[in-house]
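Data block below; observations after.
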Amino acid sequence: MLKKYFDNIKSLLQEKVNKTNFSFDKFLRFLSSWWHFLLAGFVLFVALYYPLGGWFVHHIDKNTEYEIKLADSKQSATVDMASYIINREVNKKLWTANSPFFYPSYFLDNMPSFQLGMMNATSLVINSLQKRIDTPIQNKNENTNLKKAAYLLKYDGTVWMFSPQNRFAPVPSANTQYRKARKSLLAYNQALIKDEQFFYKRPEDLAFVLKKINLSLGASIQELDNQIREESAGWIDFKADNLFYYNQGKAYAYFLLLQALAYDYKDILVQYDAYVAWTKSLKALENAVNLDALYIRNAELNSLISANHLLYLAYYMEKAKSLNKNIVLKLQTKRDKNAH
């Protein structure tokens, strides 16, 4: 009975093949046609180029082990750290935030978001330092290198070749501008050795930078909170991963830069009894950086089976912000007492 059953199936399949006029010879003739072969090869290449290429390019580096080494004690560790961040993300790795369509990284979203967050934080810290250093009370020898770097780091990280406002107007790429910024930062640190430019280490300067960082952390917390409130009830939140990695990139850059600021202002932190709070702030940011998951979820807050990674990130950023606020109060309170 079984043999008869399978024989019937075989005959039906053969009949179907015969009706379609399929033959192996025709298939070989199709492949032998050179343009058909090229077309098939192109389709296969495209099908593999983006997923495999993107997989090779994708690398979100969250290494928190970095040893600060300066060529001279007059140099700034914060400026050196900023140049390190730029070099790592732009020169040693592919800057993916402005990848054109023919790059395998074009369809990546988490790594570009992380890199943009890092550069946003780096730009804020360098701009804050520059505003405190280049004040009217300084002499005529301005810190032109730091000022130039601060300006270049504000550049839109998504620009590749054309202006976002006018697609027909060629402009410098973000990679080019960030490399120029790094050269200016390195030149600034070299000028510090020769006493040609300045890096003042005063408690009010550190307080100013921390206030700016706190404003940035506050904006991130608000953004994460809005996304949780508006989208956590849904099954899938397609923006959650981009938002998570962008703000985690900011937290990571702030972690590295706060380490460097502690190196530059270590005497002031000890003098103003702020060192313990500083280390706790660093730990909170490190915890934010170490958050990881195969799939970022913006789940309901009372869910028993799924996490809300945006909430975890917002918690650690809020903790760092609160500790930074206490440090600013210490710096300002003791300064005000000394003034009296």
Side-chain angles (χ1 to χ4, degrees), residues 49-71 75-127 129 145-146 148-161 172-190 242 244-261 263 282 285-286 288-292:
Y49 176 70
Y50 285 106
L52 288 181
W55 182 76
F56 278 113
V57 170
H58 180 77
H59 181 213
I60 295 177
D61 189 347
K62 299 190 290 185
N63 179 29
T64 56
E65 299 296 326
Y66 179 83
E67 185 178 356
I68 296 174
K69 294 180 179 179
L70 296 178
Q75 291 183 319
S76 164
T78 309
V79 171
D80 182 72
M81 182 65 77
S83 65
Y84 162 77
I85 291 172
I86 298 168
N87 185 50
R88 198 191 76 172
E89 297 302 318
V90 178
N91 293 331
K92 292 187 176 181
K93 293 196 292 185
L94 180 67
W95 179 258
T96 58
N98 65 346
S99 294
F101 71 92
F102 50 83
Y103 273 52
S105 55
Y106 179 71
F107 289 105
L108 294 178
D109 57 354
N110 294 340
M111 183 180 175
S113 297
F114 191 83
Q115 288 182 316
L116 286 171
M118 286 190 70
M119 203 58 68
N120 176 276
T122 304
S123 174
L124 180 139
V125 170
I126 294 301
N127 273 276
L129 285 175
N145 288 315
L146 192 63
K148 182 179 179 181
Y151 173 77
L152 290 169
L153 286 173
K154 292 180 181 179
Y155 201 75
D156 185 350
T158 63
V159 173
W160 171 56
M161 183 179 288
S173 67
N175 317 48
T176 301
Q177 300 297 77
Y178 295 155
R179 289 189 184 105
K180 289 179 181 178
R182 179 174 178 268
K183 288 180 180 178
S184 294
L185 291 173
L186 293 174
Y188 171 74
N189 252 352
Q190 288 299 313
N242 294 343
F244 176 89
Y245 282 107
Y246 177 79
N247 288 291
Q248 191 180 50
K250 286 176 65 174
Y252 178 53
Y254 285 140
F255 171 80
L256 294 176
L257 291 163
L258 280 173
Q259 277 190 316
L261 282 166
Y263 189 93
L282 280 174
L285 289 172
E286 185 178 19
V289 171
N290 287 333
L291 289 173
D292 203 2

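- The line from OH of Tyr263 to NZ of Lys69 is 11.0 Å long, rounded to the nearest 0.5 Å.
- Remark: the backbone N or O of Tyr155 is paired with a side-chain donor or acceptor of Tyr178 at under 3.5 angstrom.
- In this structure, Leu256 and Thr122 have side chains that are not in contact, with every pair of non-hydrogen atoms separated by 4.5 Å or more.
- The two residues Ala174 and Asp156 come nearest to each other via the heavy atoms CB-O, 3.5 Å.
- Side chain of Gln115 to main chain of Leu94: a donor-acceptor pair is present (N/O by atom type, distance under 3.5 Å, no hydrogens or angles).
- The two residues Trp160 and Pro100 make their nearest non-hydrogen contact at CE2-CG, 3.7 Å.
- In terms of heavy atoms, Ser76 sits closest to Asn189 at N-OD1, 2.9 Å.
- Side-chain atoms of Thr96 and Ser99 form no donor-acceptor pair, as typed in the model, at a separation below 3.5 Å.
- Closest approach of Ala253 to Ala121, counting heavy atoms only: CB-CB, 3.6 Å.
- At least one side-chain heavy atom of Leu153 sits less than 4.5 Å from a side-chain heavy atom of Met119.
- Of the possible polar contacts, one joining the Trp95 side chain to the Gly157 backbone as a donor-acceptor pair under 3.5 Å is found.
- Side-chain contact between Asp109 and Tyr245: absent, with no pair of heavy atoms (C-beta onward) separated by less than 4.5 Å.
- With a 4.5 Å cut-off on side-chain heavy atoms, Asp292 and Lys62 count as touching.
- Within 6.0 Å of NZ in Lys148 there are 12 or fewer heavy atoms belonging to other residues, nucleotides or ligands.
- Side-chain N or O atoms of Asn91 include none that pairs as donor or acceptor with a backbone N or O of Ile86 at under 3.5 Å.
- The shortest side-chain heavy-atom distance between Leu185 and Asn145 does not fall under the 4.5 Å cut-off.
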Please tabulate, one pair per line, all N/O donor-acceptor pairs under 3.5 Å involving side-chain atoms of residues 78-85, not counting sequence neighbours.
| from | atom 1 | to | atom 2 | distance (Å) |
| --- | --- | --- | --- | --- |
| Thr78 | OG1 | Asp264 | OD2 | 2.7 |
| Ser83 | OG | Asp80 | O | 2.7 |

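- Here the side chain of Tyr252 pairs a donor or acceptor atom with the backbone of Asn63 at under 3.5 angstrom.
- A donor-acceptor pair is defined here as one N or O able to donate and one able to accept, closer than 3.5 Å; no such pair exists between the side chain of Glu286 and the backbone of Thr64.
- Of all non-hydrogen atoms in Gln75 and Leu70, the two that sit nearest each other are O-CD1, 3.6 Å.
- Minimum interatomic distance between Ala150 and Asn127 (heavy atoms only, all atoms of both residues): O-ND2, 3.1 Å.
- The salt bridge (Lys or Arg N to Asp or Glu O under 4.0 Å) contacts involving residues 82-99 comprise Asp61-Arg88, Glu89-Lys93, where partners must be two or more places apart or lie in separate chains.
- Taking CG from Leu116 and CG from Asn120, the interatomic distance works out to 8.5 Å, rounded to the nearest 0.5 Å.
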When you look at Asn110 and Phe244, which way does the side chain to side chain contact (heavy atoms under 4.5 Å, CB included) test go after all the steps?
-> CA-CA 9 Å; Asn110 294 340; Phe244 176 89; over 6 Å; no

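- A distance of 11.0 Å separates CZ in Arg179 from CD in Gln177, rounded to the nearest 0.5 Å.
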